[in-house]
Amino acid sequence: MAELLRTRALAFGYDRRALTEPIDLALHPGEIVVVLGPNGAGKSTLFRTLLGSVAALSGTVFWGGCALAELAPRELAARVAWVPQQPGAAFDFCVEHYVMLGRLGRLAAGAAPGRGDREAVSRAIDRLGLGRFRGRPLSKMSGGERQLAAIARALAQQASTLLLDEPTASLDFGNQGRVLDTLRSLAADGLGIAYATHDPNHALRAGTHALVYLPDGAIAFAPVGELIEPELLTRVYGARVEAARTADGRTVFTLADATLAHRAGSPRADAGPRQAGEG
């Protein structure tokens with residue numbers, strides 16, 4: 001199966017200080033890699049490095065078999081679409097115009113959107129169930145609806161991979177579930193997806209593989225079922241995590257009443273400056 005994303009010995013961080021040990025990971029069509037770790041550990045920095053907005057300290061990022069450094073912006077846009085935390089717009093666009101922004105990376109300089117662009121936008125809006133909101137301003141939509149619009153904008157880009165930084169942040173319980181189910185559905189259609197979250201239950205609900213930030217800069221990457229378990233999560237978050245079973249047999253993680261005296265997974269003082277929006 002073709003690799004959509006591959007990193008080899010990737011070291012990332014700021015001021016020449018790596019936030020973790022070098023990372024080797026792969027993402028294939030239909031897979032969802034969930035990135036888990038405590039606040040400030042470097043999840044957002046990893047994504048910025050994968051996109052090239054933060055220079056890697058060492059190692060290589062490959063998109064579709066091509067090194068990131070060799071890809072022109074339009075070539076990168078064909079490979080990966082980005083959804084940042086709490087995406088917004090400088091102007092109060094309606095949904096249709098906002099989703100059209102996802103086509104900009106596909107257009108030649110100065111070119112206006114054509115029929116193919118409008119069709120891609122329409123398909124993305126319908127795919128995310130936003131047809132009835134097509135002309136509605138973003139300011140008149142709920143947080144969950146705006147997040148779906150942001151995913152539609154990324155989908156309109158027609159990239160093979162979606163990269164999302166905490167797509168369920170600030171959403172209520174129901175909207176979290178709808179966004180995660182949408183990601184699962186998109187992966188089932190053959191997209192590759194990587195997203196960051198603070199909730200290990202989200203990894204179980206919508207993840208095939210997990211990349212986990214461990215204490216002291218260590219990294220673990222493996223299938224979700226092999227990696228996401230109470231002992232490891234206790235190390236990561238510095239709070240005792242327990243597993244429970246729902247009536248239908250699903251595993252869910254909860255925090256025990258007693259917490260550890262010291263947070264095992266907290267970022268070290270020498271881990272480098274935390275950037276705005278860092279997760």
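No hydrogens, no waters, no symmetry mates; every other heavy atom, side chains included, goes into these values.
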| task | Report yes if some heavy atom in the side chain of I219 is under 4.5 Å from a heavy atom in the side chain of L214; otherwise report no. | result | no

Shortest non-hydrogen pair, H198 vs G37, comes out as ND1-O, 3.5 Å

query = Would W82 and L164 satisfy side chain to side chain contact (heavy atoms under 4.5 Å, CB included), going step by step from the backbone distance to the final call?
reply = CA-CA 6 Å; W82 167 239; L164 308 98; over 6 Å; no

Determine yes or no for a side-chain-to-main-chain donor-acceptor pair under 3.5 angstrom, with R146 supplying the side chain and M141 the backbone. yes

4.5 Å side-chain heavy-atom contact, L211 and L36: no

Go through M100 and R153 one step at a time and tell me if the side chain to side chain contact (heavy atoms under 4.5 Å, CB included) criterion holds.
CA-CA 7 Å; M100 181 62 77; R153 171 182 166 174; over 6 Å; no

Inset, instruction - Decide whether L104 and L155 are clustered together by the hydrophobic rule: side chain heavy atoms of Ile, Leu, Val, Met, Phe, Trp, Tyr closer than 4.5 Å, transitively. - result: yes

Fill in: Pairwise side-chain contact, N175 with Q147, heavy-atom cut-off 4.5 Å (strictly under)
no

Residues pairing under side chain to side chain donor-acceptor pair (under 3.5 Å) where one sits in residues 219-232, two or more places apart or in two chains, turn out to be none

By side-chain hydrogen bond (donor to acceptor under 3.5 Å, both in side chains), T60 pairs with (sequence neighbours left out) none

Do H202 and Y195 make a side-chain contact, defined as non-hydrogen atoms from C-beta onward lying under 4.5 Å apart? yes

Can you get from I193 to F62 by hopping between Ile, Leu, Val, Met, Phe, Trp and Tyr side chains that sit under 4.5 Å apart? no

Review point. Can you list the steps and then say if S122 with R134 is a side chain to side chain contact (heavy atoms under 4.5 Å, CB included)?
Key: CA-CA 9 Å; S122 182; R134 189 179 302 269; 3.7 Å; yes

Sorted by chain and residue number, the side-chain hydrogen bond (donor to acceptor under 3.5 Å, both in side chains) partners of T7 (sequence neighbours excluded) come out as none

- Ignoring hydrogens and geometry, is there a side-chain-to-backbone donor-acceptor pair from T20 to G217 under 3.5 Å? no

In short, side chain to side chain donor-acceptor pair (under 3.5 Å) pairs touching residues 181-192 with sequence neighbours left out are R127-S185, R127-D189, D181-R205

| query | Can we say D92 and R136 salt-bridge, meaning some charged N sits less than 4.0 Å from an Asp/Glu carboxylate O? | reply | no

Got P230 and F253 here, is their nearest side-chain heavy-atom distance under 4.5 Å?
yes

Shared hydrophobic cluster for L25 and L57 (ILVMFWY, side-chain gaps under 4.5 Å)
no

Could you tell me whether a side-chain N or O of D172 sits under 3.5 Å from a main-chain N or O of G174, the two making a donor and an acceptor?
yes

On a heavy-atom basis, the closest approach of P200 and I228 is CB-CG2, 4.2 Å

Interatomic distance, CG@D165 vs OG@S44, rounded to 0.5 Å, equals 3.5 Å

Sorted by chain and residue number, the side-chain contact (heavy atoms from CB on, under 4.5 Å) partners of E31 (sequence neighbours excluded) come out as L27, H28, T208, H209

field: Pairwise side-chain contact, I125 with F133, heavy-atom cut-off 4.5 Å (strictly under)
entry: no

Those residues at least two apart in sequence (or on a different chain) that pass side-chain hydrogen bond (donor to acceptor under 3.5 Å, both in side chains) with S142 are E145

Smallest heavy-atom separation, A206 atom then V34 atom, equals O-CG2, 3.4 Å

- Message: Under 4.5 Å between side-chain heavy atoms, counting indirect links through other Ile/Leu/Val/Met/Phe/Trp/Tyr residues: same cluster for L4 and W63 or not?
- Response: no

Between E3 and A26, the two heavy atoms sitting closest are OE2-CB, 4.0 Å

*Looking just at side-chain N and O atoms, do T197 and D199 make a donor-acceptor pair shorter than 3.5 Å?*
no

Is there a donor-acceptor contact under 3.5 Å from the side chain of Q157 to the main chain of R103?
-> no

| said: Does any part of the side chain of V61, heavy atoms only, come nearer than 4.5 Å to the side chain of L10, both counted from C-beta? | reply: yes

Correct closest heavy-atom pair for A196 and P167 would be O-CD, 3.4 Å

Tightest non-hydrogen contact, residues A154 and L162, listed as CB-CD2, 3.9 Å

Is there a continuous path of hydrophobic side-chain contacts, each under 4.5 Å between heavy atoms, that joins L233 to L255? yes

With the side chain counted from C-beta on, respond yes when Y213 and L46 share a heavy-atom pair under 4.5 Å apart, and no when they do not. yes

Side chain to side chain contact (heavy atoms under 4.5 Å, CB included) assessment of F221 paired with D24 = CA-CA 8 Å; F221 177 66; D24 292 282; over 6 Å; no

**Prompt:** Looking only at atom types and distance, does a side-chain atom of K43 sit under 3.5 Å from a main-chain N or O of P38, one as donor and one as acceptor?
**Reply:** yes

When rounded to the nearest 0.5 Å, the distance separating OG1 of T45 from CZ of F12 is 7.0 Å

Query raised in the report: How far apart are the C-alpha atoms of R79 and E75, what are their side-chain angles, what is the distance that settles it, and do they pass the salt bridge (Lys or Arg N to Asp or Glu O under 4.0 Å) test?
Result: CA-CA 7 Å; R79 288 165 169 79; E75 293 174 320; 5.5 Å; no

Working note: D248 + R250, criterion salt bridge (Lys or Arg N to Asp or Glu O under 4.0 Å); need CA distance, chi angles, decisive distance, verdict.
CA-CA 6 Å; D248 60 0; R250 291 179 295 111; 3.1 Å; yes

